[in-house]
Peer 1: 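Pasting a structure below so you can have a look.
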Amino acid sequence: MKLKDKIVFITGGTSGIGFETAKLFRAEGAKLVVVGSNAERLKAAGVELGDDALLIQADLRKVADIEAAVEKVRAKLGHIDIVFANAGASTVAPLEAVTPEYVETNVALNFTGTFFTIQKTAPLMHKGGSIIVTTSFLNTVGMPGLSVLAATKAAARSLVRTLGAELAPRGIRVNAVSPGAISTPFYGKMGLTDEQLSSVAAGLQEKIALKRFGEPVELAKTALFLASDDSSYITGTEIVVDGGLTQF
Ligand SMILES: NC(=O)c1ccc[n+]([C@@H]2O[C@H](COP(=O)([O-])OP(=O)(O)OC[C@H]3O[C@@H](n4cnc5c(N)ncnc54)[C@H](OP(=O)(O)O)[C@@H]3O)[C@@H](O)[C@H]2O)c1
C-alpha cells in the first residue's frame with residue numbers, strides 16, 4: 001500500500017477525477033477527508049467511500065468555509081499528509097458575455113479556492129507532505145468561451161512553482177496534474193445544450209492523438225504517483241495526462 005495511514009484532503013472529491021482519486025487512495029490505505037459543496041453528492045460519495053471517510057461540506061469560493069473545513073480536520077485528525085486541490089467548475093462564456101460577476105465567481109473557485117486550500121492546509125502538513133493541484137490542458141491551448149477558466153488554470157500552474165519554492169524548505173512537495181479531455185460530469189455543468197456538447201466532444205476527440213477522452217482513473221493514478229514517495233524528488237512540476245492533446 002502506497003498511502004498506508006496517510007491523511008488525504010481532497011477537494012472536489014465527490015465527483016469525476018476527485019472521486020476516482022479518493023477511491024484509489026483509499027484502496028492504497030489512505031484516510032480520506034473529502035470536500036464538496038453539494039450535500040447530496042457528498043452523501044452519495046460517502047456511501048461508496050465508507051464510514052471512515054470524513055465528509056465536509058464547504059463552498060470553496062468562500063475562504064471562511066475553507067478555514068472551517070481545515071479546522072474540522074485539525075480537531076479530528078490533527079494533521080494532513082497529502083492535499084489534492086482539485087475542485088473546479090465553469091460555464092462557457094464568450095468574450096462579450098463575460099461580466100465582472102462571472103469573473104469573480106470563476107476566479108473565486110478555480111484560483112482563490114485553490115490558493116487558500118493550500119494556505120490553510122499547509123500549517124497542518126509535515127516534512128514528506130505532498131500537495132497536488134489539478135490544472136488543465138487550457139494552460140497550453142486556447143478554446144473559445146473559456147478565457148477566464150483558462151486564465152485561472154494558468155495561474156494555478158504558476159502557483160505550483162511559487163508555492164513549491166516556498167514549501168520546499170519544509171520538505172513539502174507541490175505539483176500539478178494537468179488533465180486533457182476527461183469523461184466526467186464537468187462538461188454537463190458548462191451550460192451547453194446536448195447538441196453543443198456533442199459538437200465540442202467530437203471536436204476535442206479529433207484533436208486528441210489517442211482519439212479518445214481520458215478516464216478519471218487515469219488521472220487518479222497520476223495523482224497517486226505524485227502523492228506517494230514514488231515521486232519523492234519531484235516538485236514544482238506539472239504532469240500532463242491528455243492523450244497527446246497538447247503535445248502534437
Ligand atoms: N473533465 C475534464 O475534461 C477536465 C479537463 C481539464 C481540467 N479539469 C479539472 O479537473 C478538476 C476536476 O473536475 P472533474 O472533471 O472531475 O469535474 P466534476 O466531476 O464536475 O467534479 C468537480 C468537483 O468540484 C467540486 N466543486 C465544484 N464547485 C465547488 C465549490 N464551489 N466548492 C466546493 N467544491 C466544488 C464538485 O463538488 P460539488 O458537486 O459538491 O460542488 C465536484 O466534486 C477541475 O479542477 C477541472 O477544472 C477537468
Side-chain angles (χ1 to χ4, degrees), residues 1-37 41-58 60 65-88 113-135 156 159-160 163-164 167 170-177 179 184 216-232 234-235 239 241:
M1 284 197 182
K2 289 183 187 281
L3 301 179
K4 191 157 172 37
D5 296 331
K6 299 282 186 196
I7 297 172
V8 183
F9 185 91
I10 303 182
T11 71
T14 58
S15 174
I17 293 166
F19 184 51
E20 282 305 318
T21 303
K23 287 194 285 186
L24 181 62
F25 281 17
R26 178 170 168 250
E28 291 290 338
K31 291 184 178 153
L32 300 176
V33 179
V34 169
V35 181
S37 69
R41 276 194 284 277
L42 198 58
K43 203 172 159 196
V47 170
E48 208 161 324
L49 295 173
D51 287 344
D52 48 354
L54 176 58
L55 307 174
I56 302 179
Q57 189 177 3
L60 298 173
D65 275 25
I66 300 174
E67 273 172 345
V70 174
E71 174 51 26
K72 274 185 195 153
V73 181
R74 195 201 57 74
K76 207 156 183 187
L77 301 169
H79 76 280
I80 296 171
D81 297 294
I82 295 153
V83 171
F84 187 28
N86 161 76
T114 301
F115 183 93
F116 285 104
T117 295
I118 297 173
Q119 191 204 57
K120 303 302 175 195
T121 52
L124 295 194
M125 298 182 75
H126 304 307
K127 191 169 189 282
S130 172
I131 297 171
I132 304 141
V133 175
T134 304
T135 55
L159 207 55
V160 164
L163 299 186
L167 293 170
R170 289 181 48 200
I172 297 170
R173 299 181 296 111
V174 186
N175 291 290
V177 60
T184 74
V217 71
E218 295 177 297
L219 272 297
K221 287 176 188 169
T222 311
L224 174 62
F225 171 68
L226 290 173
S228 75
D229 284 345
D230 285 351
S231 59
S232 55
I234 298 178
T235 192
I239 299 186
V241 185

Peer 1: Can you tell me if Thr235 uses its side chain to pair, donor with acceptor, with the backbone of Val174 under 3.5 Å?
Peer 2: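 It does hold such a pair.
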
Peer 1: Distance check, rounded to the nearest 0.5 Å: Lys6 atom NZ versus Asp229 atom CG?
Peer 2: 6.0 Å

Peer 1: Taking only residues two or more places apart in sequence or in another chain, which ones pass side-chain hydrogen bond (donor to acceptor under 3.5 Å, both in side chains) with Thr134?
Peer 2: Asn86

Peer 1: Please find the pair of heavy atoms, one from Val8 and one from Ala30, that lie closest to each other, and give the distance.
Peer 2: CG2-CB, 3.6 Å

Peer 1: Give the intermediate values and the outcome of side-chain contact (heavy atoms from CB on, under 4.5 Å) for residues Leu24 and Lys221.
Peer 2: CA-CA 8 Å; Leu24 181 62; Lys221 287 176 188 169; 4.1 Å; yes

Peer 1: Using the side-chain contact (heavy atoms from CB on, under 4.5 Å) rule, take Val70 and Phe9 through it: C-alpha gap first, then chi angles, then the decisive distance, then the call.
Peer 2: CA-CA 9 Å; Val70 174; Phe9 185 91; 4.2 Å; yes

Peer 1: Check the pair Leu163 / Ile131 against side-chain contact (heavy atoms from CB on, under 4.5 Å), numbers first and verdict last.
Peer 2: CA-CA 10 Å; Leu163 299 186; Ile131 297 171; over 6 Å; no

Peer 1: Do Arg173 and Ser231 get their side chains close enough for a donor-acceptor pair, meaning under 3.5 Å?
Peer 2: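 Distance-only check passes for Arg173 and Ser231.
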
Peer 1: Can you find a heavy atom in the side chain of Phe225 that is under 4.5 Å from one in the side chain of Val177?
Peer 2: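 Result no, sub-4.5 Å side-chain heavy-atom pair not found.
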
Peer 1: Quick one: CZ on Phe116 to CG on Asp65, what's the gap to the nearest 0.5 Å?
Peer 2: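 The CG atom of Asp65 is 13.5 Å from CZ of Phe116, to the nearest 0.5 Å.
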
Peer 1: If you compare all heavy atoms of Phe25 against all heavy atoms of Ala227, which two are closest, and at what distance to 0.1 Å?
Peer 2: CZ-CB, 3.8 Å

Peer 1: Quick one: pull up NZ in Lys23 and OG1 in Thr21 and give me the separation to the nearest 0.5 Å.
Peer 2: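 It comes to 10.0 Å.
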
Peer 1: So Leu60 and Ile66, do their side chains get closer than 4.5 Å, heavy atoms only?
Peer 2: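 Contact flag for Ile66/Leu60 side chains = yes.
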
Peer 1: With heavy-atom distances below 4.5 Å as the criterion, would you say the side chains of Leu77 and Val33 are in contact?
Peer 2: yes

Peer 1: Which atoms form the tightest heavy-atom contact between Ala22 and Val34, and what is the distance?
Peer 2: CB-CG2, 4.3 Å

Peer 1: I'd like to know if the side chain of Gln57 reaches the main chain of Ser37, judged simply by a donor and an acceptor atom lying under 3.5 Å from each other, with no hydrogens or angles considered.
Peer 2: yes

Peer 1: Between the main-chain N or O of Ile7 and the side-chain N or O of Asp81, is there a donor-acceptor pair closer than 3.5 Å?
Peer 2: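 A pair under 3.5 Å: yes.
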
Peer 1: Check Gly12 against Ala87 and note the closest heavy-atom contact, atom names and distance.
Peer 2: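 Closest heavy-atom pair between Gly12 and Ala87: N-CB, 3.6 Å.
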
Peer 1: Mind checking whether Leu219 and Glu20 have side chains closer than 4.5 Å, heavy atoms only?
Peer 2: no

Peer 1: Under a 4.5 Å cut-off applied to non-hydrogen side-chain atoms, are Ser228 and Leu3 in contact?
Peer 2: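 Yes, their side chains come closer than 4.5 Å.
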
Peer 1: With distance as the sole test, does Ser130 use its side chain to make a donor-acceptor pair with the main-chain N or O of Leu226 at under 3.5 Å?
Peer 2: yes

Peer 1: Flag the pair Val133 / Ile118 as yes when at least one side-chain heavy-atom distance between them is below 4.5 Å, and no otherwise.
Peer 2: yes

Peer 1: Do Asn175 and Ile239 touch side chain to side chain, with heavy atoms closer than 4.5 Å?
Peer 2: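 A side-chain contact is absent here, since even the closest heavy-atom pair is not under 4.5 Å.
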
Peer 1: With sequence neighbours excluded, what pairs up with Lys76 under the side-chain hydrogen bond (donor to acceptor under 3.5 Å, both in side chains) test?
Peer 2: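 Scan of Lys76 (side-chain hydrogen bond (donor to acceptor under 3.5 Å, both in side chains), adjacent residues dropped) gives none.
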
Peer 1: What is the distance from atom CG of Leu124 to atom CD1 of Ile80, rounded to the nearest 0.5 Å?
Peer 2: 4.5 Å

Peer 1: Hey, mind stepping through Ile172 and Lys127 against side-chain contact (heavy atoms from CB on, under 4.5 Å) and telling me if it holds?
Peer 2: CA-CA 6 Å; Ile172 297 170; Lys127 191 169 189 282; over 6 Å; no

Peer 1: Given 3.5 Å as the limit, does a donor-acceptor pair link the side chain of Thr114 with the main chain of Ala85, or not?
Peer 2: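 Answer holds: no.
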
Peer 1: I need the Leu32 CG to Ile82 CD1 distance, nearest 0.5 Å.
Peer 2: 10.0 Å

Peer 1: Where the side chain of Arg170 meets the backbone of Gly129, is there a donor-acceptor pair that is under 3.5 Å apart?
Peer 2: no

